[in-house]
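Worksheet: one structure, shown below.
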There are 2 protein chains.
Amino acid sequence: MLTKRTTLAIVDDHPIVLEGLQKLLANVKEIEITGCFTTGSAFISFLKENKVDVLLLDITLPDVNGIELCKEVKEMSPATHVLALSNHSERSMILQMIQHGATGYLLKNISSEELIACIQEALNGLVTFSKAAREIMARPSVSELKGAPQLTKREKEILHLIADGKTTPDIAQQLNLSPLTIETHRKNLIQKFQAKNVASLIKLATQQGLV
Amino acid sequence: MLTKRTTLAIVDDHPIVLEGLQKLLANVKEIEITGCFTTGSAFISFLKENKVDVLLLDITLPDVNGIELCKEVKEMSPATHVLALSNHSERSMILQMIQHGATGYLLKNISSEELIACIQEALNGLVTFSKAAREIMARPSVSELKGAPQLTKREKEILHLIADGKTTPDIAQQLNLSPLTIETHRKNLIQKFQAKNVASLIKLATQQGLV
DNA sequence: TCTAAAATACCTGAAAACAGGGAGATGTAA
DNA sequence: TTACATCTCCCTGTTTTCAGGTATTTTAGA
């Protein structure tokens with residue numbers, strides 16, 4: 001083992017950002033930048049052959065969605081810490097990235113000191129966020145929270161069963177009710193969510209964490 | 001204005017925890033514990049009459065689900081910082097709480113210093129996690145990540161339209177394709193996700209962030 | 001260039017969902 | 001006790017989905 005330096009890769013479609021980050025991290029001797037890529041697929045090929053401890057990943061890429069790329073990377077190499085490095089300042093985007101396996105989320109206005117500190121934290125096995133990201137996460141918008149209609153106990157129960165793929169007759173049997181009753185509940189659910197059909201109903205309910 | 005002390009409330013169904021937290025925070029002069037509750041509904045009544053800066057919230061409660069309570073609190077009083085204080089050490093639980101508006105997530109093995117530091121961070125408008133929680137968040141399980149089948153471009157497109165409540169004829173018209181083609185794609189989607197019908201398909205796809 | 005995957009299109013019949021109503025029973029909180 | 005919400009059940013007819021195939025034409029990769 002010649003070196004224990006941390007291997008770091010960067011994926012960003014803006015060459016300027018790549019340059020800037022390289023400069024920023026050049027004088028951090030613990031970190032070795034082993035690859036810079038402007039497309040997701042190029043990085044995936046690289047990852048097949050090389051170990052990468054930390055990946056700085058931009059979310060908007062020409063070929064693939066950064067969220068899915070993150071997931072793909074974590075599946076291929078769970079030990080790689082993916083730090084999203086993005087301009088997207090929406091709360092939902094941050095949460096999505098974390099949900100898909102990112103170890104952290106940094107906004108691009110980050111300072112070099114903060115960047116290095118975040119990389120260090122990630123290497124220590126801790127999720128990490130830039131300060132700006134933490135501020136955003138602490139401010140949920142009202143629209144994110146409300147919008148969930150008030151459901152009765154029965155409706156919640158039936159909603160779950162529908163989401164599990166149960167049909168009206170299935171549910172009727174399971175709950176010892178008339179299929180017509182289930183139909184009524186189903187109609188009420190669709191109406192309460194202002195959905196067009198079960199598909200959009202389940203989408204909304206799932207997004208609101210009711211399933 | 002007589003005092004600028006931070007008002008803090010606690011909701012936990014274990015009286016011991018309430019006692020313990022009160023003792024812990026008693027000698028922090030910036031913080032005033034204005035209420036301790038063992039049920040969600042009791043706290044909601046309290047919140048209607050009183051300002052609460054920070055809420056320490058246990059997730060498992062006798063009457064209501066802590067996740068939904070959190071959302072309710074944030075809708076009623078967006079300025080209240082909800083810190084989940086729980087034994088649940090599942091990544092998904094942490095993310096769900098944040099998604100529903102929590103300002104932070106603390107595991108119950110937290111030290112008093114860390115607790116106070118986290119409360120302070122929350123008051124400064126930053127999300128905050130106990131160290132243990134950050135470790136959990138940094139370790140996504142493989143099962144959380146995989147399970148999303150590989151979809152083609154067309155399939156993703158149609159999946160979105162289905163999730164938006166569009167029917168097969170709708171989609172066919174919009175994409176200038178035969179309804180039979182859409183049916184085929186729909187069948188393939190259901191098969192790829194191992195779903196029973198669109199309802200479960202949309203649930204899975206939404207949970208995996210594909211919608 | 002050859003080949004595999006993707007996208008397109010078709011068929012039939014059964015099952016389920018949807019629209020748009022009405023209506024009685026039960027509980028519950030003011 | 002009187003509303004009000006909830007839960008239950010029913011009707012008719014139409015539309016959509018689903019399961020089970022088969023099959024041709026485009027991409028796109030090796």
Side-chain angles (χ1 to χ4, degrees), chain A residues 39-42 44-45 48-49 62-64 68 72 148-205 210-211, chain B residues 39 41-42 44-45 48 63-64 148-205 210:
Chain A
T39 66
S41 50
I44 290 291
S45 312
K48 283 178 185 151
E49 308 288 329
D63 56 341
V64 291
E68 298 194 21
E72 209 174 322
Q150 195 63 32
L151 299 186
T152 68
K153 211 172 249 174
R154 227 5 164 200
E155 284 168 347
K156 281 183 201 170
E157 190 178 14
I158 288 168
L159 175 60
H160 273 96
L161 294 168
I162 294 173
D164 280 341
K166 302 268 167 64
T167 67
T168 295
D170 287 347
I171 300 170
Q173 195 175 19
Q174 185 170 337
L175 301 182
N176 270 316
L177 292 174
S178 160
L180 297 158
T181 304
I182 311 301
E183 279 286 322
T184 303
H185 284 303
R186 179 192 288 265
K187 268 186 288 191
N188 291 338
L189 280 165
I190 289 175
Q191 200 160 30
K192 281 192 177 182
F193 277 88
Q194 310 236 48
K196 290 207 192 80
N197 51 31
V198 271
S200 50
L201 165 68
I202 298 300
K203 182 184 80 162
L204 295 170
L210 299 176
V211 178
Chain B
T39 66
S41 49
I44 291 291
S45 311
K48 283 178 185 153
D63 56 342
V64 291
Q150 195 65 31
L151 301 185
T152 68
K153 209 172 253 171
R154 222 14 161 194
E155 284 168 346
K156 281 183 202 169
E157 189 178 14
I158 288 169
L159 175 61
H160 273 96
L161 294 169
I162 293 173
D164 280 342
K166 301 269 167 65
T167 67
T168 295
D170 287 347
I171 299 171
Q173 194 175 22
Q174 185 171 338
L175 301 181
N176 270 316
L177 292 173
S178 159
L180 298 158
T181 303
I182 310 301
E183 280 286 320
T184 302
H185 285 302
R186 180 191 287 264
K187 268 187 287 191
N188 290 338
L189 280 166
I190 289 176
Q191 201 159 32
K192 281 192 178 182
F193 277 88
Q194 310 234 49
K196 291 207 191 80
N197 51 32
V198 269
S200 50
L201 165 68
I202 297 300
K203 183 184 79 163
L204 295 169
L210 300 176

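Quick note: numbers below take in every heavy atom, side chains included, and nothing from hydrogens, waters or symmetry partners.
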Requested in this report: To the nearest Å, give me how far apart CG (B/L175) and P (C/dA9) are.
Outcome: 10 Å

**Report entry** Rounded distance [0.5 Å steps], CD in A/Q150 versus NZ in A/K192
**Finding:** 7.5 Å

Report task. Starting at atom CG of A/L180, determine the distance to atom C1' of C/dG20, rounded to an integer number of angstrom. Result -> 14 Å

**Report entry** Basic-acidic side-chain contact under 4.0 Å: A/K196, B/D164
**Finding:** no

Report task. Select from A/A199 and B/I158 the residue whose nearest nucleotide in DNA chain C is closer to the 5' end of that strand. Result -> B/I158

Query raised in the report: A/K187 NZ to C/dA16 P: how many Å, rounded?
Result: 17 Å

Query raised in the report: Checking side chain to side chain contact (heavy atoms under 4.5 Å, CB included) against A/L189, which of A/T152, A/T184, A/I158 comes through?
Result: A/I158

Report task. Would you mind classifying the nucleic acid contact of B/P169 as base, sugar-phosphate or nothing, using non-hydrogen atoms under 4.0 angstrom? Result -> sugar-phosphate

Query raised in the report: Heavy atoms under 4.0 Å, any strand shown: does B/T181 hit a base, just sugar-phosphate, or nothing?
Result: base

Report task. With heavy atoms under 4.0 Å as the rule, sort A/K153 into base, sugar-phosphate or nothing. Result -> sugar-phosphate

Query - Minimum-distance pair of heavy atoms, taken over all atoms of B/H185 and B/R154 - result: NE2-CG, 3.8 Å

Query - Whole-Å gap separating C1' (C/dA7) and CD (B/E155) - result: 9 Å

Query raised in the report: Hey, which of these two, B/P179 or A/A195, hits DNA chain C nearer its 5' end, going by closest nucleotide?
Result: B/P179

Report task. Verify the contact: side-chain N or O of B/T152 to OP1 or OP2 of C/dA6, cut-off strictly under 4.0 Å; return yes or no. Result -> no

Query raised in the report: B/L177 has an atom CG; how far is it from atom P of C/dA9, in whole Å?
Result: 5 Å

Query raised in the report: From B/E183 CD over to B/L177 CG, what is the distance, rounded to the nearest 0.5 angstrom?
Result: 13.0 Å

Requested in this report: Mind calculating the distance between CG (A/N188) and P (D/dC7) to the nearest angstrom?
Outcome: 9 Å

Query raised in the report: Please give, in whole Å, the distance from C/dA16 C1' to A/R186 CZ?
Result: 8 Å

Query raised in the report: Does OP1 or OP2 of C/dA7 have a side-chain N or O of B/H185 closer than 4.0 Å?
Result: no

Requested in this report: Take the protein atom CG of B/L189 and the nucleotide atom P of C/dA6, then report the distance between them rounded to whole Å.
Outcome: 12 Å

Requested in this report: May I ask you to verify if any side-chain N or O of A/T184 is less than 4.0 angstrom from the OP1 or OP2 atom of D/dC9?
Outcome: no

Query raised in the report: D/dT8 phosphate, OP1 or OP2: any side-chain N/O from A/R154 under 4.0 angstrom?
Result: yes

